[in-house]
Every structure is written in C-alpha cells, then in structure tokens.
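Report on the following structure.
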Number of protein chains: 2
Amino acid sequence: MTYADWMPVTVLLVDDEPLVRAGLRAVLEAQPDIEVVGEAADGAAVIPLVRQLRPDVVAMDVRMPLLDGIEATRAVLRTVQDPPKILVVTTFENDEYVYEALRAGADGFLLKRARPAEIVNAVRLVADGESLLFPAAVRQLAGEYGRRPGNEEARAALDRAALTEREADVLRLMTRGLSNAEIATELIVGAETVKSHVSSVLAKLGARDRTQAVIAAYESGFVAPG
Amino acid sequence: MTYADWMPVTVLLVDDEPLVRAGLRAVLEAQPDIEVVGEAADGAAVIPLVRQLRPDVVAMDVRMPLLDGIEATRAVLRTVQDPPKILVVTTFENDEYVYEALRAGADGFLLKRARPAEIVNAVRLVADGESLLFPAAVRQLAGEYGRRPGNEEARAALDRAALTEREADVLRLMTRGLSNAEIATELIVGAETVKSHVSSVLAKLGARDRTQAVIAAYESGFVAPG
DNA sequence: GTCCGTCTCCCCCTCATGGGGGAGCCGTGC
DNA sequence: GCACGGCTCCCCCATGAGGGGGAGACGGAC
C-alpha cells in the first residue's frame with residue numbers, strides 16, 4: 001500500500017517515439033489519479049529528470065537510440081535514492097530485452113499493443129508495488145513473488161507461466177479456429193488429449209474459454225493479425 | 001470536389017506497426033472532417049475490411065510481413081468495386097516500392113516523417129481525387145495510370161453483407177471475451193436477443209463459432225490488438 | 001533410486017453454445 | 001396502404017466445451 005490512495009501517481013514517459021509518448025500521455029492523463037509529470041526521448045535523459053521530478057513510475061521503452069531501457073533502468077536503480085518503479089514498454093512479448101530489463105530490476109513490462117485500460121491498470125499496479133507482467137497468465141503468478149527487484153523470481157514465474165511446446169501447438173491451432181476434434185486430427189492425438197492441453201492453456205492464460213484464450217493470444221502478440 | 005464537404009472522409013489504416021496506426025489515428029481523428037473507420041495490421045486483411053467498411057481512403061504501409069502494400073493495392077483495385085483511394089505510407093522517400101505501388105494504382109504516397117498538417121492534407125487531397133505525390137517527378141509518372149472502373153450496383157450486395165450496428169456491438173463485445181449472458185447484461189437486452197445477433201454475425205462472417213468470429217475480427221482489422 | 005513435469009488417454013458431469021424454427025414491434029421506403 | 005429490414009424475444013434440440021477427477025509412459029533432475 002502506498003500513498004496512491006490520496007495522491008496522484010506521477011509518471012515519467014521515456015520513449016524515442018513522440019507518437020508513443022503522446023499516446024501514453026493521452027491514455028494516462030485521462031485518469032484522475034494519474035499524472036504525467038515529464039517526458040524524455042532517450043534513456044540518457046532519464047537520470048536528471050528522475051532526480052528533478054521524482055516520479056512514482058517511469059514508463060520506459062526498451063529500444064532507444066542512445067541509452068536503451070535496460071541500461072537506463074540499471075542507471076536509475078544504481079544512482080537514484082528511493083528510485084521510482086520502472087515499467088518497461090515493449091513491442092514484442094518475447095523480447096529478450098524484457099528479460100534483461102527485469103534482471104536489471106524493472107518492476108514489470110507492458111506491451112505497446114495493450115489496451116488503454118490495461119496500460120492504466122499496469123501503471124496503478126506497479127505504483128502500488130506489484131510486479132506486473134503483461135499476459136493475464138503471468139499476472140496471476142505475479143502475486144506469488146512479490147516486490148522488487150523482480151529479477152530472478154520473475155523469470156522463474158515467467159517460465160512457469162510459459163506454455164509447453166504442445167500447449168503452444170494447441171493454442172496456435174485454436175487461433176486458427178479449429179475445434180478440439182480438428183486439433184486432435186491435426187496433431188494426430190486423441191480428442192481427450194487435446195481437451196487436456198486446452199484446459200492447461202486456459203488455466204495458464206487465465207482464460208475462461210477458448211475465445212478468451214484466442215483473444216489473449218492476439219493481445220499478447222502470441223499471434224499477429226495478417 | 002466530392003461530398004467531402006458534408007460527409008467526413010473515412011480512412012482505413014493498414015500498417016503492421018500498431019504505433020504507426022495509433023499515431024496516424026491520433027493525427028487524423030483530430031480533424032473534424034476525417035474519420036478513421038478501421039485498422040488492419042497487414043495487407044492480407046485489407047480486402048474484406050474495405051468491403052465491409054468502404055473507406056474513402058486507405059492509408060497503406062508498403063512494407064508489411066505477409067502481403068505488402070503493392071500487392072495489397074493490386075488486390076484491392078482488382079477485386080473491389082468502386083475502390084477507395086490508396087495512399088501509400090512509407091518511411092523512405094526513394095523507396096522503389098513506392099514507385100511500384102504507384103504503378104499498381106496507388107493514388108499517392110506519404111512519408112511517415114511528414115508533419116501532422118501534411119498528413120491531414122494528403123488524406124484530404126487524395127479523398128478529393130487528387131493524385132498526391134511528393135516528388136514532382138513521380139507525379140507525371142502516376143498520371144499515366146488513370147482512374148479505375150467505378151461500378152455502383154454491387155454496392156447494395158456489399159452493404160447487405162455488412163454488419164448492422166447492433167451486430168457490430170455484439171461482435172465487439174465478443175472480441176472482449178464476453179459470454180452471451182454477459183453481452184446481454186452489457187447491452188441490456190435478453191439473452192435470446194444476443195443469441196440471435198451472434199448467429200447473424202457468425203453467418204455474415206462465415207464463422208462456425210464465436211472463436212472463429214473473433215479471429216475474423218482480428219484478421220480483418222475490425223479490432224486490432226492494442 | 002526417487003521425484004517431477006510433459007504428453008498421452010480415460011471417466012463422469014454440467015451447461016453454454018449454436019442451429020432450427022417462429023413472432024411482434026417499429027421505422028423507412030415504395 | 002404494403003413490404004422490408006433491424007431489433008427484440010421465445011421455443012426445442014444436439015453437442016461441443018470445459019471442469020474435476022484420474023492414470024500410465026517417458027525423460028530429466030536430484
């Protein structure tokens with residue numbers, strides 16, 4: 001629990017794309033309890049800004065021209081007393097940079113393709129000290145290992161939440177609209193086996209049914225439209 | 001001069017980068033006379049989307065993973081009656097792809113680095129039937145490739161295939177993972193009504209179940225991740 | 001060796017889903 | 001006036017989907 005209850009969450013945006021910053025600002029500023037206090041176009045500018053503005057949360061892009069999000073995260077955590085929470089913003093779910101950023105001490109990551117409500121939620125959660133990892137699946141597990149630095153434990157949780165190869169196969173076919181029976185035929189296994197895998201997928205993704213699983217697959221970037 | 005004076009220019013965004021789409025949307029939506037009616041993440045999704053949404057202008061990226069802007073342009077002009085104007089979006093001014101796209105029948109191209117005012121202007125111009133080409137050299141070239149056949153009788157059939165407003169509401173909620181009962185609550189109608197709409201949606205989308213419908217919604221750009 | 005996770009398959013059970021009909025109401029257009 | 005389409009709601013009905021238990025085989029880790 002923090003002072004987020006009575007004071008707005010202050011956020012610093014760090015991204016080299018002006019469009020992304022504008023988008024994030026628009027989304028966040030729409031919330032009464034969130035205030036964007038500054039922007040930076042590169043990781044290199046983060047340290048002085050953090051010192052000056054003392055934001056609760058830094059929304060930081062991983063890929064930036066001068067100083068990337070990982071180095072910037074390390075720099076902030078190493079040099080700033082009482083550092084802000086760091087929310088790593090990325091395009092791809094399976095970005096190696098994300099893992100590195102988490103090892104560097106980031107509190108969570110957020111996909112750029114996340115919906116506004118999810119972005120807002122993410123900021124609130126990290127501000128409250130929750131480790132946040134985007135896919136709903138991982139978010140549940142996020143409760144198990146708490147606080148920062150969410151490095152190794154986060155990674156372990158990610159692995160636990162990760163789909164097995166077979167489960168990924170099944171999910172992939174689910175995203176192509178196949179029924180359980182069709183998936184069974186495709187994978188040359190029994191229908192009961194598919195049901196079993198589907199149940200595992202649903203559990204790991206925190207999905208209630210296959211439709212929600214497919215949505216999660218799209219939203220998380222497991223599959224992309226097109 | 002067109003009906004742009006009294007009806008907003010409708011635009012479909014096609015780009016594999018959600019951020020670019022978001023940026024373009026932000027820029028264009030800021031104009032009262034321009035309306036972004038849809039988004040797609042790849043050229044492969046353009047055709048059904050154009051048929052459904054019938055935008056005045058398609059802002060199309062050239063470089064996309066599955067079906068690039070050139071092929072997508074050809075496909076649209078070849079298969080869609082009364083096709084929209086096609087505005088090719090590119091990063092580099094001297095992109096060979098641009099020339100190919102123009103030969104394929106695109107109405108103009110637009111640099112991603114263009115300022116908001118230029119982007120808006122470009123959309124208005126192509127909507128008004130102007131060929132828009134940055135370098136003067138290319139302008140001559142595109143003049144040779146004139147307009148395309150305009151057939152209006154197929155419009156009715158296409159409109160019939162389009163989702164009604166209520167059906168679109170239902171599909172939108174389906175893409176959020178809601179069950180029929182939840183959709184009913186959300187829309188404040190009976191569960192039977194929702195079932196009825198869902199059936200219509202499935203029929204129109206050629207989907208066997210709601211999962212396939214959601215997939216179609218993503219693939220067609222009816223909804224986009226992020 | 002044992003433990004554990006993955007993959008495979010099986011049982012029973014509930015119920016949301018989707019198809020097949022139909023009906024009334026209301027607005028627009030002819 | 002009438003027809004038509006959209007929205008609303010109702011019936012019955014078959015079945016796919018998903019939960020909750022298993023279990024055996026295999027392989028790697030300890």
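Since the model is a prediction, treat every value here as computed from it, not as a measurement.
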Q.
Over all strands shown, is B:S196 touching base, sugar-phosphate only, or nothing at heavy-atom distances under 4.0 angstrom?
A. base
Q. Contact class for B:T193 vs. all strands (heavy atom < 4.0 Å): base, sugar-phosphate, or nothing?
A. base
Rounded interatomic separation in angstrom, taking [atom1] from [X] and [atom2] from [N]:
X      : N      : atom1 : atom2 : result
B:K195 : D:dC9  : NZ    : P     : 14 Å
A:R208 : D:dA17 : CZ    : P     : 16 Å
B:L187 : D:dC7  : CG    : P     : 11 Å
A:H197 : C:dC7  : NE2   : P     : 6 Å
B:D169 : D:dT8  : CG    : P     : 9 Å
B:R166 : C:dC25 : CZ    : P     : 19 Å
A:E165 : C:dT6  : CD    : C1'   : 11 Å
A:N180 : D:dG18 : CG    : P     : 6 Å

Q. Which residue, A:S179 or B:A191, contacts DNA chain D at a nucleotide closer to its 5' end, judged by nearest heavy atom?
A. B:A191
Q) Of all the choices, D:dC7, C:dG18, D:dC9, which nucleotide is nearest to the side chain of B:S199 once you look at every atom? A) C:dG18
Q) Nearest to the side chain of A:E192, which nucleotide is it out of C:dC11, D:dC7, C:dG18? A) C:dC11
Q | Atom pair CZ (A:R166) and CG (A:L187), whose distance is rounded to the nearest 0.5 Å | A | 4.5 Å
Q: With rounding to the nearest 0.5 Å, note down the distance linking CG in A:N180 to OG1 in A:T193.
A: 11.0 Å
(Q) Ignoring hydrogens, what is the shortest heavy-atom contact between B:T10 and B:P55? Give both atom names and the distance. (A) OG1-CA, 3.3 Å
Q. Can you find a side-chain donor-acceptor pair between A:E182 and A:T185 that sits under 3.5 Å?
A. no
